[in-house]
Amino acid sequence: MLELGSIASRVGNFNHLRQLHAQIIHNSLYHHNYWVALLINHCTRLRAPPHYTHLLFNSTPNPNVFVFTSMLRFYSHLQDHAKVVLMFEQMQGCGVRPDAFVYPILIKSAGNGGIGFHAHVLKLGHGSDAFVRNAVIDMYARLGPIGHARKVFDEIPDHERKVADWNAMVSGYWKWESEGQAQWLFDVMPERNVITWTAMVTGYAKVKDLEAARRYFDCMPERSVVSWNAMLSGYAQNGLAEEALRLFDEMVNAGIEPDETTWVTVISACSSRGDPYLAASLVRTLHQKRIQLNCFVRTALLDMYAKCGRIGAARRIFDELGAYRNSVTWNAMISAYTRVGDLDSAKELFNTMPGRNVVTWNSMIAGYAQNGQSAVAIELFKEMITAKKSTPDEVTMVSVISACGHLGALELGNWVVRFLTENQIKLSISGHNAMIFMYSRCGSMEDAKRVFQEMATRDVVSYNALISGFAAHGHGVEAVNLMSTMKECGIEPDRVTFIGVLTACSHAGLLEEGRKVFESIKDPAIDHYACMVDLLGRVGELEEAKRTMERMPMEPHAGVYGSLLNASCIHKQVELGELAANKLFELEPDNSGNYILLSNIYAAAGRWKDVERIREAMKKGGVKKTTGWSWVEYGGKLHKFIVADRSHERSDDIYQLLIELRKQMREAGYIADKSCVLRDVEEEEKEEIVGTHSEKLAICYALLVSEAGAVIRVVKNLRVCWDCHTAIKMISKLEGRVIIVRDNNRFHCFNDGLCSCKDYW
DNA sequence: GTAGGGTTAG
């Protein structure tokens, strides 16, 4: 028996637990409820699998109140409220009378059902038991209404009121964001303990007042590991990873032994830094200290590996966890895959995951949205609301709104906005930012401005979204002015702001403003140089563009040479174009656009042999002209087209219209634009109408639906060429309204046959 | 205590 006792006191992991279990059976002690309860309590602590624990329980012939209490505690820890209630019922069924210890567990785990237990407790006369009373206060403090907690609290005679009751109230007020009440209770309470102080640290961290949190932390008469953890996670969850890691050092130096929670928090702080060296040193420490890695720590490690780019290591942890995985583990792994763009692996996990929650859906939807698969993201969102298993929240909607913006799908966007109000989903800053983005990408600058103006608080992203919108629509002056406004409001422009403003200057031809903006950037990044080269190039200052590029403190990337090539194309500069293109052929050998641009430059100069040479080079290098999808939004649906596409239900009408259009144009004496030379050369090899590229099909569809008076939005991948121009002119004349056409990153607003963007003609 | 969201350029 003595030996058993010494084994029991050393149960540190699941194997020890099994050994103890075996010993107990070996000594025929299994029917002793004392040992069973002890085993179950170890199961709780070590988070043993439920089936193992349940087996233990089931083979106990006459469980007493201690065994039942242990089981209740076990399921309560797992947050399996249904099992807790079931166990409670079984307990009563066995004629075992619940004592005052049982009710706090029940109430804590039962969620809203706890209110029912409150009545039960009063009836059984446990109402004046200090633990039960505290559990009741704690329940109302956590679940609300907090007023009920206060009522029970006030009814306790002064001399019976314990510090735990005060603490429950303090935490409750923080939970319900009554900072003043929490503070007041803290000030008037007759005695405080380490839990009280820690609650204040947690509370101030929750309202993001980390300075106040730190003041309380520094003033604490004593600190437990929980207090350290509270301060640590306060830093970690508010994005102050550096502070968290510094505090962790302090903690170690102070000789405090970190617990599992500490490790989880520190690992998560390390994740947000994404630093593989720091990660490796943390893992070494864990090994040296022989830390038990529970599911939480392992999941945090998984996430850390993934965010440091070690997807394989992350997957190994995921596989090793096996049955111990929880939904967080799954979601972390899914996000790990979407982060690196491996959508297939992510989707595979998504499909096999048991019990998806809203975060699972959000991870997958955001994964598609962030990897250029906006249409799929929206499809998945529709599936989510049809399945009705999880309710979309703000995070879901932010991704969906952004996806609508990327597609330029205004009808869809408006439907999503209606969905928000119908389902009472409130948007915070990022939600409104996504809306600004969506509206400006869809060409509704008025709506974008309205959303921006209606916001109570705006951050740098709000300004950036609107500035980029102005940039895309050629509203240069408004973009420059908005940057001044943001400075006046005390928000500092960041990298993205400058990209937006410089792009705006570029599209509006504001050379001097652009120069000033560029000069004002303290430490211009490579993208800022690219924008500046673009601006100089477009307005025809090609020499200065070239000089700017040569003076860059870093090696120019494809964006810089691309700008130069584009400018050479606009201003028909063969030599400069060749220089830029040759660099680009090294940097992006598979990008067909560069070959086409250079060939266009040659064609414009009448150098047909060179055009032919480029075509040969493409063939030899196996460079395929990228065939993107184009699509038209109509009736809340996206009609997709690809080269030689015949899949559309109105395919015959579309091709008929195309033939008609060409006939009309030929008769009217239109001549093919030189910018389409390479395409037309390629197409001549095929049956002309079959090889028609997707944008022409999209335009034809738009033209067809316009006859029915539909709203037309032609989006994505539109290199507006000769046929398309003519078609768009026809549509907008027909409609007498503004038509927005989007090619990858630029907008073309056609009003009465005129386009705001002069790039292509 | 661990998981998910918004802005960027040729």
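Per chain, numbering begins at 1; letters A, B, ... match sequence-line order.
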- Message: What's A:L584 touching, base or sugar-phosphate or nothing? Going by heavy atoms closer than 4.0 Å.
- Response: base
- To the nearest Å, how far apart are A:L502 CG and B:dT7 P? 20 Å
- Task: Look at all strands and tell whether A:F296 reaches a base, only sugar-phosphate, or nothing, counting heavy atoms closer than 4.0 Å.
- Result: base
- Please work out if A:N357 contacts a base, only the sugar-phosphate, or nothing of the nucleic acid, heavy-atom cut-off 4.0 Å. base
- Task: Heavy atoms only: give me the nearest A:L542-A:A567 pair and the separation to one decimal.
- Result: CD2-CB, 3.6 Å
- Please state how far atom NZ in A:K307 lies from atom P in B:dT2, giving the value in whole angstrom units. 10 Å
- Remember a base hit wins even if backbone is also touched, and classify A:R495 as base, sugar-phosphate or nothing at under 4.0 Å, heavy atoms. base
- Message: By the 4.0 Å heavy-atom rule, please label A:A366 as base, sugar-phosphate, or nothing.
- Response: sugar-phosphate
- Query: Which whole-number value in Å describes the distance from A:M549 CE to B:dA9 P?
  - Reply: 21 Å
- Message: Using a heavy-atom cut-off of 4.0 Å across all strands, would you classify A:R325 as base, sugar-phosphate, or nothing?
- Response: nothing
- Touch check for A:D393, heavy atoms < 4.0 angstrom, all strands: base, sugar-phosphate only, or nothing? base
- Step through it carefully: locate the ring centre of A:F381, locate the ring centre of A:F419, and say whether they are under 6.0 Å apart. yes
- Closest approach of A:A244 to A:A236 (non-hydrogen atoms, all atoms of both residues): CB-N, 4.1 Å
- Query: Do you know which of A:T329, A:N331, A:N294 makes side chain to side chain donor-acceptor pair (under 3.5 Å) with A:T299?
  - Reply: A:T329
- Task: Answer yes or no: does a side-chain N or O of A:S402 lie under 4.0 Å from OP1 or OP2 of B:dT7?
- Result: yes
- Task: Heavy atoms only: give me the nearest A:M333-A:I311 pair and the separation to one decimal.
- Result: CE-O, 4.3 Å
- Among residues 258-267 of chain A, which residues get a heavy atom nearer than 4.0 Å to DNA chain B? A:E260, A:T261, A:V264
- Query: NA contact type, A:Q370, heavy-atom cut-off 4.0 Å: base, sugar-phosphate, or nothing?
  - Reply: sugar-phosphate
- note: A:D534, atom CG; B:dT8, atom P; distance rounded to Å ~ 16 Å
- Item | NZ/NE/NH1/NH2 to OD/OE distance under 4.0 Å, A:K583 and A:E578 | no
- Item | Non-neighbouring partners of A:E492 that pass salt bridge (charged side-chain N to carboxylate O under 4.0 Å, His left out), sequence neighbours left out | none
- Item | Polar side-chain contact A:Q237-B:dG1 base: donor and acceptor under 3.5 Å | no
- Query: For the rings on A:W228 and A:F248, is their centre-to-centre separation under 6.0 Å?
  - Reply: no
- Message: Within the 3.5 Å criterion, strictly below it, is a donor on A:Q370 or A:T338 matched to an acceptor on the partner's side chain?
- Response: no
- Task: Would you classify A:D303 as touching base, sugar-phosphate or nothing, given that sugar-phosphate means primed atoms plus P, OP1 and OP2, and contacts are heavy atoms under 4.0 Å?
- Result: sugar-phosphate
- Query: Which whole-number value in Å describes the distance from A:R538 CZ to B:dA9 C1'?
  - Reply: 10 Å
- In residues 554-565 of chain A, which residues come under 4.0 Å of DNA chain B by heavy atom? A:A558, A:G559, A:G562, A:S563
- Task: Please determine if a side-chain N or O atom of A:H507 lies less than 4.0 Å away from the OP1 or OP2 oxygen of B:dG10.
- Result: yes
- Query: Yes or no on salt bridge (Lys or Arg N to Asp or Glu O under 4.0 Å) for A:R316 and A:E320, after CA distance, side-chain angles and deciding distance?
  - Reply: CA-CA 6 Å; A:R316 267 196 297 283; A:E320 280 163 15; 5.5 Å; no
- Note on the structure: Taking B:dG5, B:dA9, B:dT7 as options, the one with an atom nearest any side-chain atom of A:S399 is B:dG5
- Describe the nucleic acid contact of A:I429 in one word from base, sugar-phosphate, nothing, applying a heavy-atom distance below 4.0 Å. base
